[in-house]
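For reference, the structure discussed in these notes is given below.
Side chains are part of it too, since the values below use all heavy atoms of this structure and drop only hydrogens, waters and symmetry mates. In the text below, chain A, chain B and the rest are named by the order of the sequence lines, each starting its count at 1.
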Amino acid sequence: MQYSNEMKIIFPNKSSNEGFARVAVAAFAAQLDLTVEEMSDIKTAVSEAVTNAIVHGYENLKGYITVECKILDNTIEITVNDSGHGIADVEKARQPLYTSRPELERSGMGFTVMETFMDEVSVTSALGVGTTVTMKKRISPKE
Amino acid sequence: MQYSNEMKIIFPNKSSNEGFARVAVAAFAAQLDLTVEEMSDIKTAVSEAVTNAIVHGYENLKGYITVECKILDNTIEITVNDSGHGIADVEKARQPLYTSRPELERSGMGFTVMETFMDEVSVTSALGVGTTVTMKKRISPKE
Amino acid sequence: MKLEKTGGILIVRLDGELDHHYATKIREAVDGAVMVGDVRKIIFDFTGVGFMDSSGIGTLMGRYKLMQTLGGSVGVFGISPRLDKLLSMSGIKKIISIYNSEKEAVGGVS
Amino acid sequence: MKLEKTGGILIVRLDGELDHHYATKIREAVDGAVMVGDVRKIIFDFTGVGFMDSSGIGTLMGRYKLMQTLGGSVGVFGISPRLDKLLSMSGIKKIISIYNSEKEAVGGVS
Ligand SMILES: Nc1ncnc2c1ncn2[C@@H]1O[C@H](COP(=O)(O)OP(=O)(O)O)[C@@H](O)[C@H]1O
Ligand SMILES: Nc1ncnc2c1ncn2[C@@H]1O[C@H](COP(=O)(O)OP(=O)(O)O)[C@@H](O)[C@H]1O
């Protein structure tokens, strides 16, 4: 039988909630037997996706961000959703160093960081509808 | 202008999620300038309400628990909801040492602990519909 | 959680957060050890417990009832002021012994 | 965050989690101190940073650009292996100096 668990958190697009989102996901992920490195990978990826929702998704709008986590055996799947502006060209957006907001000192490395630290990253987005980033990480079994 | 923030978490009735719920609320509450004591008060009260939803609300059913937190200036309001069995007699349930599940080693002190550590506790419940516990705590201003 | 049995005394060293989830595991482990036999006293070491809710009270109450049936007793040590407050609320301090140290607990001063 | 100015060197001691929220505060504080004048070099002390995401890269890049305009430079020390990995990804290590210690950073070995 497979072990499974899930959770969802919803919060408004305030930058002070970036830390909350990271800690909440980390607390949930802790039921997997994670190394310090794996835990940091997850926290960093969540931070990138949530920051993107706040900075790019909603910009000056007000809105809510949803973070869902699912654990199935030794895989964790994390989905970050906003109902903001959306991305016109996802392929371009995912390129290292590409940012639409250099004046906000974004580095353009957000998606690259997510891809580096997670095993799979998929992005679905529609202009005026919003963006959903889904990330998966397989946790290596510890003896 | 009043500072305000809010969040909601949703998770299934597994006892392993009790710890997750406490940490998530604590991470959110941390934006208030809390003493260690105030933080422990909040974590303990959340733990009681979430445990009740798991042990009494859903018993052997499967279901979801929702925890909502709202911060308005220096007050935190926490609402714990289940769509489980409900409580027939809320007044009786709130009495110290009353428990319907002594065989599960419940002490009957859950509501008393919530009332001791929070400033206000209100309970609305309907049989077959579920239970909602709303708790408020005013955080004393630090200089 | 670590269990140590010396003579008729079972020392249960708790760690982490004593909630309902952990309480279920403590109950199983401790009652298992007691059933193996020859335990006259259970002593809980709370030194490593950073959090407790009313599930901890239920756990102590349950072990008290068990030991009462078997003609034994229950004691605790390493209680922080916060845990003391929780235990005081329930009246459980009247039926189990709170010790200031492991030495005192094992020595059986009550 | 603590700012210390000695001679033309501004040391910025960071603490906690370097995300977008904190990055905004660092930007304001550091640029404010630089605008007061006479800063030839900004040195970031990362010893107290337990977490960083790509916002940290943007913050360093931004200060690099500022100091380039003013004819100064940016250095960092106290980088953990994990932070080093993040900085390596972006190529920023080619334009700012990574030092092994505060002494080395202040001494200006680059
Ligand atoms: N949630 C989002 N909503 C709208 N646009 C986004 C979102 N996430 C990313 N983008 C777009 O993709 C670009 C690249 O994102 P990323 O690689 O994270 O770099 P950065 O956040 O530093 O700009 C962003 O500059 C933005 O234009
Ligand atoms: N969410 C809930 N759903 C159904 N019944 C509940 C719920 N919360 C509390 N109760 C009822 O109220 C009683 C008293 O609760 P409490 O004071 O927390 O003590 P305990 O949980 O130790 O039994 C419970 O035994 C149960 O009968």
*May I ask you to check whether over 12 heavy atoms, not counting those of A:Lys92, lie within 6.0 Å of atom NZ?*
no

*Check: A:Arg22 and D:Phe51 side chains under 4.5 Å, non-hydrogen atoms*: yes

*Option that, when pairs with chain D are counted at under 4.5 Å, heavy atom only, ranks first among A:Pro102, A:Ser107, A:Ala45*: A:Ser107

_Test side-chain contact (heavy atoms from CB on, under 4.5 Å) applied to A:Asn60 - qualifying residues, sequence neighbours left out_ = none

*Could you tell me whether the side chains of A:Ser15 and D:His21 share a donor-acceptor contact shorter than 3.5 Å?*
yes

*Would a 4.5 Å heavy-atom cut-off, applied to side chains only, mark A:Phe117 and D:Leu86 as touching?*
yes

*For A:Glu48 and D:Ser54, indicate whether the former's side chain and the latter's backbone hold a donor-acceptor pair under 3.5 Å.*
yes

*Taking D:Met61, D:Lys85, D:Met52, D:Arg27 one by one, which has the highest count of heavy-atom pairs under 4.5 Å against chain A?*
D:Arg27

*asked:* At a 4.5 Å cut-off on heavy atoms, which part of A:Lys14 comes close to chain D: side chain, backbone, both, or neither?
replied: neither

_Side chains of A:Glu105 and D:Thr59, donor plus acceptor under 3.5 Å_ = no

*Looking at A:Pro96, A:Gly108, A:Ser40, which one has more heavy-atom pairs under 4.5 Å with chain D than the rest?*
A:Ser40

*Got a sec: does the CZ of D:Arg40 have more than 12 other heavy atoms crowding it under 6.0 Å?*
no

*For residues A:Glu18 and D:Glu17, determine if any side-chain heavy atom of one lies less than 4.5 Å from a side-chain heavy atom of the other.*
no

*Would you mind telling me which of A:Asn17, A:Asp41, A:Leu104 has the largest number of heavy-atom pairs within less than 4.5 Å of chain D?*
A:Asp41

